[in-house]
J.: 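Starting off with a structure, shown below.
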Amino acid sequence: MSATATLGNAGALAGSAAGSTASDYALEVRGLSKSFGGLEVIGDLSFAAPRGKATALIGPNGAGKTTVFNLVSGVYTPTAGTVLVNGQDITGVPSRRRIHAGVARSFQNIRLMQHLTVIENLLIGQHVRAQGLGALFSPFRLMPKHRWWKEAQQALDECGLGAYAQQTVGALAYGIRKRIDLVRATLAGPSLLLLDEPAAGLNPTETQDLLAHLRLLASRGTSLLVVEHDMPFVGEICEHVVVLNFGRKIAEGTLDEVRQVPQVREAYLGSEEE
Ligand SMILES: Nc1ncnc2c1ncn2[C@@H]1O[C@H](COP(=O)(O)OP(=O)(O)OP(=O)(O)O)[C@@H](O)[C@H]1O
């Protein structure tokens, strides 16, 4: 086992951030804590996600994975600790402005408008990119075929989804909708993309299509942080794995490395293997 398969927070940065420059990491969290009404849900969590790679955040139900996503994306304010994206401290940046720091996310539940077409949904997503005067002019309907429309169509084409552009989202298969939601999240060109259970509910073919889509994003330099229960999926795409239990990091390393950590086997993978 390498030194990166660390136990607990004592070794939190020993195998990740220490000795390297901040720019090596798409994401660093340092000493992150979050309490709700006096109940600590995330405790003194530190880890780093290498730039241009996929990192998995895994752990049993209730371990705190979604809470970490909410802290990184700014939905929650941490009780303590810092969040750095590409070396920039974004801890105090409001959620709506984190896209400008390079952070985008998808959700467990697809957030597309069912009654609109695929391209209309993507254009609405584009609206968050607009700042200043641009924000006053919705790209939706008012400016058909303008630059954002072309970018949205191009993004669909690149992922093999171009034929769906004019179809109503509600009529599409679940796996296609999930990938449309992924295109929506990537249109702003995030450097760090947070994916909450991207493979949940997908059949094997859809899962392979999603993997190809994510590999395309990674090949273009997008760093991924993935919460996922599907370990074969994690093994396919994630070069780095962080394991949480009861809001604390219990291991960090490759999937093979963390599988060997007794605490991980007890907390999560062990029970699955049994
Ligand atoms: N807003 C909140 N208020 C109070 N407690 C919360 C809140 N959000 C999360 N929690 C608690 O924090 C803990 C971690 O929840 P979280 O959803 O982050 O876990 P998870 O690892 O994502 O779980 P799952 O795999 O089931 O999605 C749970 O005990 C949950 O009840």
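Counting starts at 1 for both ligands and their atoms, following the listed order.
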J.: Should A63 be counted as touching ligand 1, given the test is an N or O pair under 3.5 Å?
T.: yes
J.: Taking both backbone and side-chain atoms of G64, is any N or O found less than 3.5 Å from an N or O belonging to ligand 1?
T.: yes
J.: Tell me which one of K34, E40, K65 gets a heavy atom nearest to atom 21 (O) of ligand 1.
T.: K65
J.: Please report the shortest heavy-atom distance between T67 and K34, naming the atom on each side.
T.: CG2-CG, 4.2 Å
J.: I need the atoms of ligand 1 closer than 4.0 Å to a non-hydrogen atom of T66, numbered in the order shown.
T.: 17 (O), 18 (O), 20 (P), 22 (O), 27 (O)
J.: Numbering the atoms of ligand 1 from 1, which are under 4.0 Å from a heavy atom of H229?
T.: 25 (O)
J.: Testing the 3.5 Å rule here: is there a donor-acceptor pair between the side chains of N70 and R105?
T.: yes
J.: Any salt bridge linking R215 with E236? Criterion: basic side-chain nitrogen under 4.0 Å from a carboxylate oxygen.
T.: yes
J.: Just to be sure I'm reading this right: ignoring hydrogens, which of F246, F36, F69 gets closest to atom 10 (N) of ligand 1? Compare them by their nearest heavy atoms.
T.: F36
J.: Does one side chain, of D181 or S106, offer a donor that lies under 3.5 Å from an acceptor on the other?
T.: no
J.: Check this for me, if you would: do R220 and E158 make a salt bridge, where the nitrogen-to-carboxylate-oxygen distance has to be below 4.0 angstrom?
T.: yes
J.: For K65, is there an ion pair with E228 - N to carboxylate O distance below 4.0 angstrom?
T.: no
J.: For the residue pair V83 and T91, what are the closest heavy atoms and their distance?
T.: N-OG1, 2.9 Å
J.: Quick one: which ligand 1 atoms are inside 4.0 Å of a heavy atom on Y76?
T.: 1 (N), 8 (N)
J.: Under a 4.0 Å heavy-atom limit, does T67 contact ligand 1 with its side chain, its backbone, both, or neither?
T.: both
J.: Using a 3.5 Å cut-off on N or O atoms only, is G62 in polar contact with ligand 1?
T.: yes
